[in-house]
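Have a look at the structure below before the remarks.
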Number of protein chains: 2
Amino acid sequence: MSHTVGIRQVQKQKTRQALLDAALGLLEDQSLSSLGLREVTRAVGVAPTAFYRHFRSTADLGVALVEEALGSLHPMIGTTVSGSGGSEDRIVRAVDLIAGHVRAQPAHVRFIARERHGGVQPVREAIREQLDRFAEEVRDALAEQPESEGWTREDLLMLAGLYVDQMLMTASQFLETLDAPAERREQVARLATRRMRLIAIGRGHWLD
Amino acid sequence: MSHTVGIRQVQKQKTRQALLDAALGLLEDQSLSSLGLREVTRAVGVAPTAFYRHFRSTADLGVALVEEALGSLHPMIGTTVSGSGGSEDRIVRAVDLIAGHVRAQPAHVRFIARERHGGVQPVREAIREQLDRFAEEVRDALAEQPESEGWTREDLLMLAGLYVDQMLMTASQFLETLDAPAERREQVARLATRRMRLIAIGRGHWLD
DNA sequence: CCATGCAGTTAACAACTGTTCTCTGTAATT
DNA sequence: AATTACAGAGAACAGTTGTTAACTGCATGG
């Protein structure tokens with residue numbers, strides 16, 4: 001059934017990935033709307049016209065980057081929210097997870113934070129779609145917790161959205177501490193933890 | 001003491017403001033890092049070189065835009081947070097205030113949301129400075145409320161930061177409903193109100 | 001009233017952009 | 001073995017960019 005992955009297709013995917021990687025690198029100190037396709041091909045060492053074999057435009061490439069940055073993150077959501085331990089444990093674990101991901105994929109995180117409200121509409125929409133999916137997944141995970149008894153589905157989605165936004169905020173703050181002393185990073189972690197804790201407390205008394 | 005505002009200086013300020021206005025308009029569907037100075041001068045109807053009489057670069061213009069967009073907003077902070085009425089009243093009033101401001105100054109709001117994590121470092125820093133000032137002002141206003149008794153100054157700043165981020169989120173969401181049916185806008189308002197309410201509840205039980 | 005300062009203009013520069021068309025080599029198909 | 005498909009190269013295009021220099025006209029201060 002599966003197509004034989006010929007040498008040809010492999011090489012094409014390799015070039016495509018090189019374009020994505022180069023673009024991600026160039027986007028560390030500029031926005032997508034100022035990224036030129038020649039700039040990208042030059043960084044890869046390939047003719048400008050080769051770009052068109054893979055993407056219609058840089059906006060198109062941006063949408064592909066959204067998929068790469070967020071697509072593989074969905075499995076982590078459920079396991080984090082539904083993890084064992086009390087509320088406090090889960091919060092600490094979530095913050096650690098975010099810190100780890102920012103360390104592992106800083107360019108991805110920067111790209112998402114930057115382009116979420118950026119100047120390229122299709123990319124903004126792709127990000128919004130993914131984040132909406134995240135929120136729904138968080139809601140479903142929350143719904144299975146005993147603390148969610150009596151909650152409406154709508155209120156749970158509200159809470160989930162709050163968590164998702166909070167996670168992105170935290171990730172963005174970690175990003176700014178990447179080449180700062182470790183104590184600064186610890187400070188961000190503590191602050192994020194307390195924010196999450198306050199939200200969790202609000203959740204606990206929502207139905208009062 | 002005050003310098004006589006000669007015809008000359010008035011005209012200069014007028015051109016400068018025209019450049020700022022034109023840039024703000026152009027930034028509705030692109031990011032600052034892709035804004036060209038010729039683009040701006042063309043929109044104003046002035047020679048490209050005239051730009052240099054007012055700004056060193058488009059990044060410099062961006063910093064000026066931050067001042068214009070956020071500088072005049074500080075007085076509103078205190079009066080909103082310290083306003084009369086109960087917690088619920090203040091929340092509704094805050095959301096209404098945000099909705100009104102987004103309607104009145106959509107381009108300013110879009111610019112701030114976009115460039116907060118944008119590709120131009122000096123502009124990011126200018127926005128962070130202003131938002132940090134906002135957070136401090138909110139903290140000071142919160143500190144004078146009876147609900148804040150027993151809170152550490154640090155925790156109050158944490159809460160203030162949460163509120164500020166929440167306001168920006170809300171503003172950005174209102175922005176997306178600008179040319180949508182009124183019911184969509186009402187929905188965003190309700191959602192934002194409930195988010196704020198949950199945070200307020202968390203605040204109320206923080207010291208438990 | 002005259003000399004200076006300076007906002008804005010004009011012209012030119014090298015460098016860059018996205019896009020088109022034509023071509024080449026080679027993997028894949030028949 | 002012959003043919004086709006197609007990733008990438010090369011060259012050329014009209015148009016754009018930021019920046020420099022020398023200029024012009026006029027409000028300003030002496």
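Residue numbering restarts at 1 for every chain, and letters A, B, ... go by the order of the sequence lines.
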Open item on the list: If you define the side chain from C-beta out and look only at heavy atoms, does anything of F51(B) sit under 4.5 Å from V46(B)?
Closed with: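 Of all side-chain heavy-atom pairs linking V46(B) with F51(B), none is under 4.5 Å.
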Between [atom2] on [N] and [atom1] on [X], what's the gap in Å once rounded to a whole number?
X      : N       : atom1 : atom2 : value
I7(B)  : dC26(D) : CD1   : C1'   : 10 Å
L61(B) : dG18(D) : CG    : P     : 12 Å
F51(A) : dT17(C) : CZ    : C1'   : 13 Å
L37(A) : dT16(D) : CG    : P     : 18 Å
Q13(A) : dA27(C) : CD    : C1'   : 16 Å
R42(B) : dG8(C)  : CZ    : P     : 18 Å
Q30(A) : dT17(D) : CD    : P     : 16 Å
Y52(A) : dT20(C) : OH    : P     : 6 Å

Do any N or O atoms from the side chain of [X] and from the backbone of [Y] form a donor-acceptor pair under 3.5 angstrom?
X       : Y       : result
S31(B)  : G119(A) : yes
R38(A)  : P48(A)  : no
E137(A) : G78(A)  : no

Would you tell me whether [X] and [Y] have side-chain atoms, one donor and one acceptor, within less than 3.5 Å of each other?
X       : Y       : value
R114(B) : Q30(B)  : no
H74(B)  : Q130(B) : yes
E68(B)  : Q17(B)  : yes

Open item on the list: I'd like to know whether CD of E154(B) has more than 12 heavy-atom contacts from other residues, nucleotides or ligands below 6.0 angstrom.
Closed with: no
TODO: Just need the stems in DNA chain D: three or more back-to-back Watson-Crick or G-U pairs, each with both distances under 3.5 angstrom, sorted by first number.
DONE: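 DNA chain D forms these stems: C:1-12 with D:19-30, C:14-17 with D:14-17, C:19-30 with D:1-12.
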TODO: Among dT17(D), dT17(C), dA28(C), find the nucleotide with the atom closest to the side chain of E39(A).
DONE: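 Closest nucleotide to the E39(A) side chain: dT17(C).
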TODO: Run the salt-bridge test on E176(B) and R184(B) with the 4.0 Å N-O cut-off and return the result as yes or no.
DONE: no
- [ ] Go along nucleotides 1-11 of chain D 5' to 3' and tag each nucleotide: B for a protein heavy atom under 4.0 Å from its base, S when only backbone or sugar atoms are that close, - otherwise.
- [x] ----BBBBBBB
